[in-house]
Novice: 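One structure coming up, written as structure tokens, with questions to follow.
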Amino acid sequence: MRMSQLFYYPQKEMPKDVEAISHMLMLKSCMIERVASGIYNFLPLGFRVLKRIEDIIRREMLAIGAQEVLLPALHPSELWKITGRWDEYGEELFKLKDRHDRMMCLGPTHEEIITALVKAKINSYRQLPFMLFQIQTKFRDEPRPRFGIIRSREFIMKDLYSFHADEESLNEGYYKVYQAYKNIFDEIGLDYKIVEAESGPIGGDVSHEFVIIAESGEDEITYCSSCSYSATTEKAEYKPVIIEDDEELLPIEKIYTPDLKSVDEVSNYLGVPPSKLIKTIMIKADGRDIALLVKGDSEVNLKRVEELLDVKDVSLIEDNETSVPLGFVGPVGLKGIEIIADPEIKGVKNGVVGANEKNYHFKNVNIGRDFNPTRFLPIRKVKKGDLCPRCGGDLIISKGIEAGHIFKLGTKYSEPMGAVFQTATGQLKPIIMGCYGIGVSRLVAASIEQNNDDNGIIWPRSIAPYEVYILPTDWTNNTIKNFSEDLYRKLLQKGYEVLLDDRDERAGVKFMDADLLGIPMRVTIGNKFIKSGIVELKNRRKPDVLEVSAREVIDRLEEVF
RNA sequence: CGGGGCGUAGCGCAGUUGGGAGCGCGCCUGUUUCGGGUACAGGAGGCCGAAGGUUCGAGUCCUUUCGCCCCGACCA
């Protein structure tokens with residue numbers, strides 16, 4: 001491609017409210033343009049990257065035996081009413097009416113459509129298992145579109161659905177896709193983590209998220225710096241560390257603490273660090289009242305409590321549901337209720353707790369002497385500096401972008417929609433399903449989030465819009481021009497994707513653009529070429545420049561990639 | 001949906017107590033410069049988001065409405 005022909009209008013000035021680096025760079029480099037909130041044009045450069053990512057994904061999907069289809073974006077409401085998601089999906093579903101007043105929606109995902117298709121064609125276990133996928137536009141009326149194409153209302157997604165006769169087959173399929181996803185993210189060159197996740201409105205039992213580490217991410221994940229442990233911060237575990245305070249036990253003392261409820265207020269008032277306080281949180285777990293104890297510098301993790309107690313519904317007790325005033329609750333003398341404590345409070349000596357009486361706390365409270373928890377469980381949220389629950393290594397908490405999500409759906413859709421098959425013994429059973437998504441357009445932005453510097457984008461070669469940028473410093477010089485044209489032709493013949501900067505611009509402008517666009521390889525043809533027949537090869541990612549004679553350029557190009 | 005802010009040239013913005021529609025970038029013409037967004041001169045480009053109101057007079061004040069952005073609860 002010739003720069004003089006490319007639909008490329010870089011921008012110097014950016015709106016001040018563009019937050020994500022990727023968003024800024026994509027606008028600046030003319031990859032995308034905003035049409036309305038959460039709706040974008042993909043321009044030639046952006047579109048090429050999108051297509052390259054699509055190709056990688058498509059190749060991996062075909063490699064595990066999935067077949068590509070294209071399902072409609074426009075769905076009749078009937079299918080969505082059968083599964084109940086017409087109402088359940090909520091405001092995010094784009095709903096509309098056709099001319100006959102029939103209700104339709106724009107597909108945010110395709111379980112209903114694909115299940116209806118499979119129901120019509122599949123009757124026997126002999127036809128299972130199989131996988132279908134598509135790369136297609138999805139619509140979600142996001143409450144708050146943000147970060148350019150990272151969270152938009154219309155976006156490109158690859159969605160794959162697998163269909164099985166039994167759990168074992170589902171597990172096999174799930175594992176295959178899991179591996180394929182790893183291949184995809186590796187090939188795109190992303191720094192990512194795989195975490196167990198909530199399945200959300202898609203449903204199902206088991207699910208994993210593929211999260212790309214990035215500052216502008218909206219998810220928070222916790223992972224180990226030395227082993228492979230990773231989880232959403234919401235569900236993350238940690239290794240409790242009990243630090244014994246080195247103090248003489250003092251006699252317990254009741255103190256007047258008027259209107260001081262929060263940890264900060266009490267710790268300020270008494271001049272005691274928050275870690276000396278023991279917070280008591282009253283919850284209802286499936287209807288049962290429980291008191292939870294954690295150190296004052298920690299937060300209770302209700303999600304973990306749910307998991308550890310194996311209960312479905314955990315909620316905080318409201319002020320009017322208890323005889324003890326909230327803010328002054330404490331474990332001393334608390335009767336008829338289970339007390340679950342975080343192991344870390346074992347180390348607290350002469351601690352401060354609520355006195356179960358309005359405006360009073362106890363000081364110099366000691367575990368074992370003044371109160372005894374029913375049991376100890378690690379129930380607090382992870383925080384900076386925590387250790388890995390598996391290996392004891394340092395945990396890292398960081399933000400990330402959810403780019404892939406895989407689910408074992410089971411029969412969530414096949415059952416209500418009547419997608420059944422006949423087993424070898426003649427029984428009718430609902431088909432067991434899995435579904436697997438990748439945010440394709442989101443990956444374009446996510447990759448930029450991880451690959452940029454002050455001068456612009458740094459594309460990994462696997463998804464770069466072009467591989468080589470030929471930069472003739474002076475297009476009016478015929479020696480430079482002729483050599484550049486010749487090199488351009490030869491590289492194209494060799495199968496390279498090449499950008500030739502044939503514009504009559506100053507060299508500085510071309511260098512700026514080459515960096516901004518982030519093409520992996522730059523070939524500079526300038527005054528060194530005129531003087532001594534030397535051209536420069538430079539990798540966008542590295543600082544050094546390789547000087548080679550004009551004859552060698554093509555042969556030595558790969559050295560620098 | 002709650003809380004805050006913004007709509008003025010293609011883009012980024014200024015516009016004071018109500019009276020002249022402006023600046024920078026980009027674009028067009030010319031000169032100049034030529035390996036890291038050259039410099040100068042001239043020029044084109046506007047229903048001041050929309051509708052209504054107050055006023056002799058509205059970008060500016062009032063009302064309504066549409067759009068956009070930011071902070072919180074959701075998702076590839």
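Below, chains carry the letters A, B, ... as their sequence lines are ordered, and counting in each starts from 1.
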Novice: Does the side chain of A:Arg144 get closer than 4.0 angstrom to OP1 or OP2 of B:rC1 through an N or O atom?
Specialist: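 A:Arg144 to B:rC1 OP1/OP2: no side-chain N or O under 4.0 Å.
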Novice: Under a 3.5 Å limit for both distances, which nucleotide forms a Watson-Crick or G-U wobble pair with B:rG12, could you say?
Specialist: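 Partner of B:rG12: B:rC23.
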Novice: Are the aromatic ring centres of A:Phe407 and A:His405 under 6.0 angstrom apart?
Specialist: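 Centroid distance A:Phe407-A:His405: below 6.0 Å, so yes.
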Novice: Can you find a donor-acceptor pair, distance only, under 3.5 Å between A:Arg151 side chain and B:rC75 base?
Specialist: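 When only heavy-atom distances are counted, A:Arg151 does reach the base of B:rC75 through a donor-acceptor pair under 3.5 Å.
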Novice: In whole Å, what separates the C1' atom of B:rC48 from that of B:rU8?
Specialist: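 It comes out at 4 Å once rounded to the nearest Å.
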Novice: Describe the nucleic acid contact of A:Glu536 in one word from base, sugar-phosphate, nothing, applying a heavy-atom distance below 4.0 Å.
Specialist: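 Base, at least one base heavy atom under 4.0 Å.
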Novice: How long is the line joining CG of A:Asp219 and P of B:rA76, in whole Å?
Specialist: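 That distance rounds to 9 Å.
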Novice: Do NZ/NE/NH1/NH2 and the carboxylate oxygens of A:Arg151 and A:Glu142 come within less than 4.0 Å?
Specialist: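 Here A:Arg151 pairs with A:Glu142 in a salt bridge, since their nearest N and O are under 4.0 Å apart.
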Novice: For nucleotides B:rG43 and B:rG49, find the distance between their C1' atoms and express it as a whole number of Å.
Specialist: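 One C1' to the other, the span is 29 Å.
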Novice: With a 4.0 Å cut-off on heavy atoms, is A:Thr476 in touch with a base, just the backbone sugar-phosphate, or nothing at all?
Specialist: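 No contact.
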Novice: Quick one: label A:Gly404 by what it contacts on the DNA or RNA (base, sugar-phosphate, nothing), any heavy atom closer than 4.0 Å.
Specialist: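 Result for A:Gly404 = sugar-phosphate.
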Novice: If pairing requires Watson-Crick or G-U wobble contacts with both distances under 3.5 Å, which nucleotide is the partner of B:rA41?
Specialist: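 The base-pairing partner of B:rA41, which may sit in any strand shown, is B:rU29.
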Novice: When you compare B:rG67 with B:rA51, how far apart are their C1' atoms, in angstrom units rounded to a whole number?
Specialist: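 Their C1' atoms lie roughly 15 Å apart.
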Novice: Could you tell me the Watson-Crick or G-U partner of B:rC1, where both distances fall under 3.5 Å? Say none if there is no partner.
Specialist: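 Answer to the pairing question: B:rG72, which forms a Watson-Crick or G-U pair with B:rC1.
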Novice: Is it true that A:Lys158 and A:Glu54 have a side-chain N and a carboxylate O under 4.0 angstrom from each other?
Specialist: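 So A:Lys158 does not pair with A:Glu54 through a salt bridge.
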Novice: Is B:rG67 paired to anything, Watson-Crick or G-U wobble with both distances less than 3.5 Å, and if yes, which nucleotide?
Specialist: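 Answer to the pairing question: B:rC6, which forms a Watson-Crick or G-U pair with B:rG67.
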Novice: Quick one: the side chain of A:Glu13 and the base of B:rG26, do they pair up donor-acceptor inside 3.5 Å?
Specialist: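 Per atom types, no contact qualifies.
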Novice: Classify A:Thr473 by what it touches in the nucleic acid, base, sugar-phosphate, or nothing, heavy-atom distance under 4.0 Å.
Specialist: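 Here A:Thr473 touches the bases of the nucleic acid.
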Novice: Tell which nucleotide pairs with B:rA58, taking only Watson-Crick or G-U wobble pairs whose two distances are both under 3.5 angstrom.
Specialist: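 Answer to the pairing question: none, since B:rA58 forms no Watson-Crick or G-U pair.
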Novice: Looking only at atom P, what distance separates B:rG36 and B:rG19, rounded to whole Å?
Specialist: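 Roughly 48 Å separates the two P atoms.
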Novice: Please determine whether a side-chain nitrogen of the Lys or Arg among A:Arg304 and A:Glu237 lies less than 4.0 Å from a carboxylate oxygen of the Asp or Glu.
Specialist: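 A:Glu237 and A:Arg304: salt-bridged.
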Novice: Does the side chain of A:Arg503 pick up a donor-acceptor pair with the side chain of A:Tyr8 at under 3.5 Å?
Specialist: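 There is no such pair (donor and acceptor under 3.5 Å, judged by atom type) between the side chains of A:Arg503 and A:Tyr8.
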Novice: Between A:Gly526 and A:Glu91, just flag the one whose closest nucleotide in RNA chain B comes earlier from the 5' side.
Specialist: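 Closer to the 5' end of RNA chain B: A:Glu91.
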